[in-house]
Each structure stands twice: as C-alpha cells, then as structure tokens.
K.L.:
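Before we start, here is the structure in question, set down as structure tokens.
Proteins come first, then strands; the chains are lettered A, B, ... in the order of their sequence lines, and each starts at number 1.
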2 protein chains.
Amino acid sequence: MSAARALELSKQFKAIADPNRLRLVSLISSSDGSEACVCDLTEPLGLGQPTVSHHLKILVDAGILHREKRGVWAYYSLVPGALNTLADVLSESR
Amino acid sequence: MSAARALELSKQFKAIADPNRLRLVSLISSSDGSEACVCDLTEPLGLGQPTVSHHLKILVDAGILHREKRGVWAYYSLVPGALNTLADVLSESR
DNA sequence: ACTCGATATCGATATCTATCAATGTTTGTG
DNA sequence: CACAAACATTGATAGATATCGATATCGAGT
C-alpha cells in the first residue's frame with residue numbers, strides 16, 4: 001500500500017474511530033428513512049449540540065455522511081458505498 | 001449501538017486509523033509467511049525502530065496483530081478474523 | 001422587519017498522539 | 001562472562017483532538 005493511499009484511507013478511518021461518531025453512524029443508519037437531524041442525535045449521545053455538529057462535520061468532510069439542509073433542519077444520511085470501501089480494505093488484508 | 005460497544009470498537013478502529021499502521025498491516029499481510037519482524041518494517045516506512053515498535057504495540061494491544069518472539073527477532077502476524085470483525089461492523093451499517 | 005428555533009462556527013482548554021533520542025532488556029555468540 | 005544485535009521502554013516535545021460556552025447564521029412564522 002502506497003503512503004498516499006494509506007494517508008487517504010486513514011482520514012476515513014480516523015473519522016469513524018471515535019465512539020461518539022460510531023454511534024452517530026449507527027443511529028443515522030437505523031433511523032427512519034436512514035436519515036436524522038442534529039436535534040435527534042444530541043439526546044441519545046448525551047453531548048451538547050455544538051459537539052454533535054462538530055462530529056457530524058468530520059464525518060461529512062471524510063465523505064462518510066451526506067448533509068442536506070431542508071428548512072431549518074439539517075438531515076444527515078450515509079453516503080452510499082462509503083463504508084463498503086473501508087470494509088473491503090479490511091477484508092483484503094485477512 | 002451501546003456506548004460500551006462503541007468504545008470497544010473505536011479502540012480497534014483507532015489502532016488502524018493511522019497511515020503508518022495501515023501500511024504495517026498491509027506489509028505484514030503481504031509478507032512471506034504472512035509475518036514480518038521489526039527490522040523488515042522500518043525501511044519501507046521510513047521511520048525509526050522505536051517508532052515502528054510503538055505502532056506495532058498499539059496494533060497488538062488492540063488485538064489486531066500477534067507477536068511471537070523467536071530468538072532475537074519478534075515476528076508480527078495478523079490475528080485471524082480481527083479485521084473481519086471490523087469489516088462486518090462497517091458492512092452492517094450500509 | 002422582528003423573533004425564535006435549529007444549526008454552525010469560534011475560542012479556549014485539557015487530553016491524547018506521533019515521533020525521536022537515549023537507554024534498558026533480552027538473546028545469541030565468541 | 002563480555003559483546004553485539006534486535007527489540008522494547010522511557011522522557012520529552014510538537015501537533016492533533018474532544019469538549020464546552022459563547023456567538024453567529026439561517027430559515028420560518030407572525
């Protein structure tokens with residue numbers, strides 16, 4: 001694996017290598033319609049709103065979540081295939 | 001996903017969420033006999049021996065690598081199934 | 001236009017992390 | 001036993017990160 005490829009992948013793995021962000025991804029994927037807004041996510045995580053927004057931004061910047069603003073609410077959903085790419089990397093190194 | 005489970009998984013994801021450690025796993029898995037000693041890993045990574053030992057320890061502590069001392073050399077290999085578990089977690093959240 | 005509610009951004013801080021130089025430990029060899 | 005090689009550990013430091021409080025932005029309704 002090239003250093004460049006490793007750096008690229010590590011950015012995505014870093015994004016999910018946090019307990020609260022893992023729970024965010026899990027909560028969103030199991031939400032109704034596979035999307036959720038920030039207000040639905042602060043309470044189950046026990047974190048403040050700015051902190052949740054911060055984590056969501058990291059996941060969006062890493063290409064793992066998609067953000068769609070509808071009215072006052074921001075809806076977050078999984079980017080199709082993003083996690084599969086990471087899963088494949090791990091599966092290939094068995 | 002429970003907070004405890006998320007914390008447990010995040011420790012393993014943190015272990016591989018580093019470009020040098022991703023390359024270590026890749027190098028080891030593609031090595032002859034699927035194992036490598038520290039002396040084989042410092043040069044391709046361009047890191048010092050203590051730094052490589054540090055990264056390997058993190059991967060061992062996370063349950064991703066196995067360490068076997070034979071003579072003066074320490075041979076590192078993948079723990080069977082460890083990466084598959086992580087891959088499955090990602091696949092389940094599609 | 002004004003206000004309110006939802007979300008994002010900013011600033012600060014405490015904690016963690018990666019790296020290296022130096023040193024310690026262990027194993028094989030003469 | 002002394003020495004050398006492979007590896008681990010320690011100490012120090014610079015950089016990254018998580019969290020929070022305060023503030024800014026943005027859209028909806030009155």
Side-chain angles (χ1 to χ4, degrees), chain A residues 1 3-4 6-25 27-28 31-33 35-62 64-77, chain B residues 3-4 6-28 31-33 35-62 64-77:
Chain A
M1 183 185 295
L7 182 62
E8 181 186 356
L9 285 172
S10 72
K11 289 179 182 175
Q12 295 203 297
F13 279 119
K14 276 179 196 287
I16 60 168
D18 177 275
N20 288 317
R21 291 198 289 269
L22 278 174
R23 297 188 77 192
L24 282 173
V25 169
L27 283 168
I28 291 171
S31 291
D32 194 41
E35 65 176 13
C37 62
V38 181
C39 58
D40 294 330
L41 299 170
T42 56
E43 189 273 338
L45 261 63
L47 295 176
Q49 173 266 319
T51 303
V52 173
S53 270
H54 166 73
H55 285 308
L56 289 170
K57 177 176 170 52
I58 288 174
L59 288 166
V60 169
D61 290 347
I64 292 172
L65 291 186
H66 173 250
R67 176 183 185 269
E68 183 184 354
K69 193 86 179 286
R70 290 207 301 271
V72 185
W73 295 274
Y75 290 93
Y76 289 87
S77 57
Chain B
L7 183 62
E8 180 186 356
L9 285 172
S10 71
K11 289 179 182 174
Q12 296 203 297
F13 279 120
K14 276 179 195 290
I16 60 168
D18 177 275
N20 288 316
R21 292 198 288 269
L22 277 174
R23 297 188 77 192
L24 281 173
V25 169
S26 174
L27 283 168
I28 291 170
S31 291
D32 193 43
E35 64 177 13
C37 61
V38 181
C39 57
D40 294 331
L41 299 169
T42 56
E43 188 273 338
L45 260 65
L47 295 175
Q49 173 265 317
T51 303
V52 172
S53 271
H54 166 73
H55 285 309
L56 290 170
K57 177 176 170 52
I58 289 175
L59 289 166
V60 169
D61 289 348
I64 292 172
L65 291 187
H66 172 252
R67 177 182 184 269
E68 183 185 354
K69 192 86 179 287
R70 289 206 300 270
V72 185
W73 295 274
Y75 290 92
Y76 289 87
S77 57

K.L.:
Between P on dC20(D) and NE2 on His55(A), what's the gap in Å once rounded to a whole number?
P.N.:
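From His55(A) NE2 to dC20(D) P: 8 Å.
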K.L.:
To the side chain of Ala74(B), which of dC7(D), dA8(C), dT19(C) is closest?
P.N.:
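Side chain of Ala74(B) sits closest to dC7(D).
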K.L.:
Taking atom types as they are modelled, would you say the side chain of Gln49(A) forms a donor-acceptor pair with the base of dA6(C) within the 3.5 Å cutoff?
P.N.:
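Answer no: no donor N or O sits under 3.5 Å from an acceptor.
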K.L.:
In this structure, which one of Leu45(A), Ile16(A), Leu59(A) forms a side chain to side chain contact (heavy atoms under 4.5 Å, CB included) with Arg21(A)?
P.N.:
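Answer after filtering Leu45(A), Ile16(A), Leu59(A): Leu59(A).
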K.L.:
Heavy atoms only, 4.0 Å cut-off, all strands: where does His54(A) land among base, sugar-phosphate and nothing?
P.N.:
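Answer is base: heavy atoms of His54(A) come under 4.0 Å of a base.
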K.L.:
Give a yes or no on this: more than 12 heavy atoms of other residues, nucleotides or ligands lie within 6.0 Å of atom NZ of Lys14(B).
P.N.:
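Enclosed.
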K.L.:
Between Ile58(A) and Val72(A), who's closer to the 5' end of DNA chain D by nearest nucleotide?
P.N.:
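First, find each residue's nearest nucleotide; the 5'-ward one identifies Ile58(A).
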K.L.:
For a quick test of reading the model: is some side-chain N or O of Tyr76(A) closer than 4.0 Å to OP1 or OP2 of dA8(C)?
P.N.:
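Tyr76(A) to dA8(C) OP1/OP2: side-chain N or O found under 4.0 Å.
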K.L.:
Contact class for Arg67(A) (heavy atom, under 4.0 Å): base, sugar-phosphate, or nothing?
P.N.:
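If one applies the 4.0 Å heavy-atom cut-off, Arg67(A) turns out to touch the sugar-phosphate alone, with no base involved.
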K.L.:
Any side-chain N or O of Ser53(B) below 4.0 angstrom from OP1/OP2 of dA8(D)?
P.N.:
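Yes, such a contact exists.
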K.L.:
Round to a whole Å and report the spacing from NZ of Lys11(B) to P of dT17(C).
P.N.:
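Nearest whole value for this atom pair: 11 Å.
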K.L.:
When all nucleic acid strands are considered with a 4.0 Å heavy-atom cut-off, which category describes Tyr75(B): base, sugar-phosphate, or nothing?
P.N.:
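Since no nucleic acid heavy atom lies under 4.0 Å of Tyr75(B), the category is nothing.
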K.L.:
Can you measure Leu45(A) atom CG to dT19(D) atom P for me and round it to whole angstrom units?
P.N.:
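After rounding, the gap between these two atoms is 9 Å.
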K.L.:
What is the distance, to the nearest angstrom, from the CD atom on Glu68(B) to the C1' atom on dT27(C)?
P.N.:
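These atoms are roughly 15 Å apart.
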K.L.:
When you measure from the side-chain N and O atoms of Thr51(A) to the phosphate of dC20(D), is any distance below 4.0 Å, counting only OP1 and OP2?
P.N.:
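Answer is yes, contact under 4.0 Å.
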K.L.:
Look at the side chain of Ser31(B) and the backbone N and O of Leu27(B), then say whether any donor-acceptor pair between them is shorter than 3.5 Å.
P.N.:
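Yes; judged by distance alone, with no hydrogens or angles, the pair exists.
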K.L.:
Could you tell me whether the side chain of Ser53(A) and the main chain of Pro50(A) form a donor-acceptor pair under 3.5 Å?
P.N.:
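Such a contact is absent between Ser53(A) side chain and Pro50(A) backbone.
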K.L.:
Tell me whether Ser26(B) contacts the main-chain N or O of Arg23(B) through its side chain, where contact means a donor paired with an acceptor under 3.5 Å.
P.N.:
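No, because the side chain of Ser26(B) does not come within donor-acceptor range (under 3.5 Å) of the backbone of Arg23(B).
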K.L.:
Rounded to whole Å, please give me the gap between NZ in Lys57(B) and C1' in dT9(D).
P.N.:
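For the pair Lys57(B) NZ and dT9(D) C1', the rounded distance is 9 Å.
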K.L.:
Between Lys14(A) and Trp73(A), which is nearer to the 5' end of DNA chain C once each is assigned its nearest nucleotide?
P.N.:
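Mapping each residue to its closest nucleotide by heavy atoms, the 5'-most match is Trp73(A).
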K.L.:
Regarding Arg21(B), tell me which of base, sugar-phosphate or nothing describes its non-hydrogen contacts under 4.0 Å with the strands shown.
P.N.:
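The answer is sugar-phosphate, as Arg21(B) gets under 4.0 Å only of primed atoms, P, OP1 or OP2.
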K.L.:
Specify the separation, in whole Å, of atom CG of Asp61(A) and atom P of dT17(D).
P.N.:
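Those two atoms, CG and P, are 12 Å apart.
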K.L.:
Go nucleotide by nucleotide along DNA chain D from the 5' end; which of Val38(B) and Asp18(A) gets its closest nucleotide reached first?
P.N.:
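The answer here is Val38(B).
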K.L.:
Looking only at side-chain atoms of Lys69(B), point me to the closest of dA8(D), dT27(C), dA22(D).
P.N.:
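The answer is dT27(C), which lies nearest to the side chain.
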K.L.:
Step by step, would you call Thr51(B) with His55(B) a side chain to side chain contact (heavy atoms under 4.5 Å, CB included)?
P.N.:
CA-CA 6 Å; Thr51(B) 303; His55(B) 285 309; 3.8 Å; yes
K.L.:
Within this structure, what is the CZ-to-C1' distance between Arg70(A) and dC26(D), rounded to whole angstrom?
P.N.:
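These atoms are roughly 17 Å apart.
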K.L.:
Once you apply a heavy-atom cut-off of 4.0 Å, does Leu41(A) come out as touching a base, just sugar-phosphate, or nothing?
P.N.:
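No contact at all - Leu41(A) keeps every heavy atom at 4.0 Å or more from the nucleic acid.
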K.L.:
Measure CG/Leu22(B) against C1'/dA18(C) and give the value in whole Å, please.
P.N.:
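My rounded result for the distance is 15 Å.
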